[in-house]
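Sharing a structure here in structure tokens format.
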Amino acid sequence: MTTTLAYAAQSASSLVGPFTIERREPGPDDVQIEIQYCGVCHSDLHTVRNEWKNTLYPSVPGHEIVGRVSAVGSKVNRFKVGDMAGVGCMVDSCQRCASCGEGLEQYCENGFTGTYNGPVFGGENTYGGYSSRIVVKQKFVLRITHTENLAAVAPLLCAGITTYSPLRQWGVQKGQTVGVVGLGGLGHMAVKIAAAMGANVVLFTTSPGKAEDAKRLGAAEVVVSKDQGAMAARQNSLDFIINTVAAPHDLNPFLALLKRDCTMTLVGAPDRPHPSPDVFGLIFKRRRLGGSLIGGIRETQEMLDFCAEHGIVSDIEMIAMKDINTAYERILRSDVKYRFVIDMSTLQA
Ligand SMILES: [Zn+2]
Ligand SMILES: [Zn+2]
């Protein structure tokens, strides 16, 4: 074991603060990474405050990890010391079930192991990226092909794949009109990626002040979702919608935007349910409401390569580790454009 500096929450009511954890020595199939940057996801905040009622303490969050490989096991053939590497939301899965067999580890029928907070169906705690080092099975380590702006690559490991995967799953193509609901950490990635796929992106927001930024990020059009006239003008016109809003809200006005046979996919995780959508809005146009969770490891690599090729990174604000609690408060006020990333060189005991 190696003693590793980290930042942890000790209970639902405590701040995140300095802590030391033990990391395993790299086994034959393991990659050890010195963490340089870690993105701050809203899930980190939900977890440290036990808002999903499943938190194991001490809780060391962080699942948007970029760093440099510092050791590899004897069987590791895809990484060598000195390579840049990434780790996202998962560090293991059963590797036996049908979903794992299809490379869809995020839907592992026996539950994947989260990079932090352990297996989804319960088990031993795992410690995430708010730490100086992590040891991960080769299979769950991603290659980073971006050559610059590596801090801004970190959020691709969760926010990027969460939006890329449904855009691919529902076959978004050049020339289609794609709606993105919400312009936060997820939404700003959805706009960039869908635009890079050649879609005509329409951003839906409650904040008129976000229009200019949405266009800068690649949206062709911005609709203020509180403007009923503007919403009515867009009815039956979208080929696909990715809804990134995590707060419970009425889904009906958005479902009404879809063409016949088209889908709106939810990727935000509200702490209370959305009001149930109206059935008539679905059956009269054979519309579909879907959901999607991150992406498999193979698809995460595909997303990273796609983003590197198209020059896509997250828009970030870099913070020091000690400022994490302030960053959480700012996330709650939506006061971030669009993702905080921790400079892990600032991690001190
Ligand atoms: Zn996340
Ligand atoms: Zn599995």
Side-chain angles (χ1 to χ4, degrees), residues 9 16 35 37-49 51-52 54-55 59-66 86-123 126-131 134 136-137 139-140 142 152-166 182 184-190 193 242 244-246 266-271 291-300 303-304 307 314-316 324 327-328 331-332 334 336 338-342:
V16 180
I35 302 174
Y37 305 105
C38 185
V40 181
C41 174
H42 205 141
S43 302
D44 301 357
L45 178 52
H46 286 303
T47 301
V48 299
R49 297 191 177 175
E51 288 168 356
W52 291 328
N54 67 348
T55 303
S59 177
V60 178
H63 59 201
E64 295 180 341
I65 297 167
V66 168
V87 179
C89 303
M90 303 182 284
V91 290
D92 208 355
S93 69
C94 85
Q95 301 293 308
R96 291 178 271 109
C97 73
S99 294
C100 286
E102 290 178 62
L104 298 169
E105 299 88 354
Q106 76 275 34
Y107 303 120
C108 173
E109 285 135 47
N110 298 301
F112 66 82
T113 300
T115 302
Y116 59 83
N117 210 42
V120 292
F121 299 142
T126 49
Y127 298 131
Y130 295 9
S131 58
I134 193 166
V136 178
K137 215 184 244 191
K139 159 105 198 180
F140 286 81
L142 287 312
V153 172
L156 300 180
L157 276 310
C158 175
I161 187 61
T162 296
T163 50
Y164 180 87
S165 182
L186 292 173
H188 97 288
M189 289 312 313
I193 293 171
I242 179 165
T244 70
V245 175
L266 307 175
V267 293
D271 52 4
S292 181
L293 178 70
I294 49 175
I297 294 299
R298 186 169 61 216
E299 192 172 55
T300 304
M303 176 278 306
L304 285 167
C307 288
S314 182
D315 280 28
I316 66 160
I324 186 65
Y328 285 162
I331 287 172
L332 290 174
S334 300
V336 52
Y338 281 91
R339 206 71 158 176
F340 289 115
V341 172
I342 307 162

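If you're wondering where the values come from, they're calculated on a predicted model, not measured in any experiment. All ligand and atom numbering here is 1-based and tracks the order in the structure.
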His42 near the Zn ion (ligand 1) via N/O/S, less than 2.8 Å
no
Angular separation of SG (Cys100) and SG (Cys108) seen from the Zn ion (ligand 2), to 10°:
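Roughly 100°, rounded to 10°.
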Closest heavy-atom pair and its distance - Gly62, Thr115:
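For Gly62 versus Thr115, the nearest heavy atoms are O-CG2, 3.8 Å.
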With heavy-atom distances below 4.5 Å as the criterion, would you say the side chains of Met189 and Arg339 are in contact?
no
Does Asp92 reach the main-chain N or O of Lys137 with its side chain, forming a donor-acceptor pair under 3.5 Å?
no
Does Ser59 reach the side chain of Thr47, with side-chain heavy atoms less than 4.5 Å apart?
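When only atoms from C-beta onward are counted, Thr47 and Ser59 do touch, with a gap below 4.5 Å.
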I'd like to know: is the Zn ion (ligand 1) within the 2.8 Å range of an N/O/S atom from Cys41, strictly under that distance?
yes
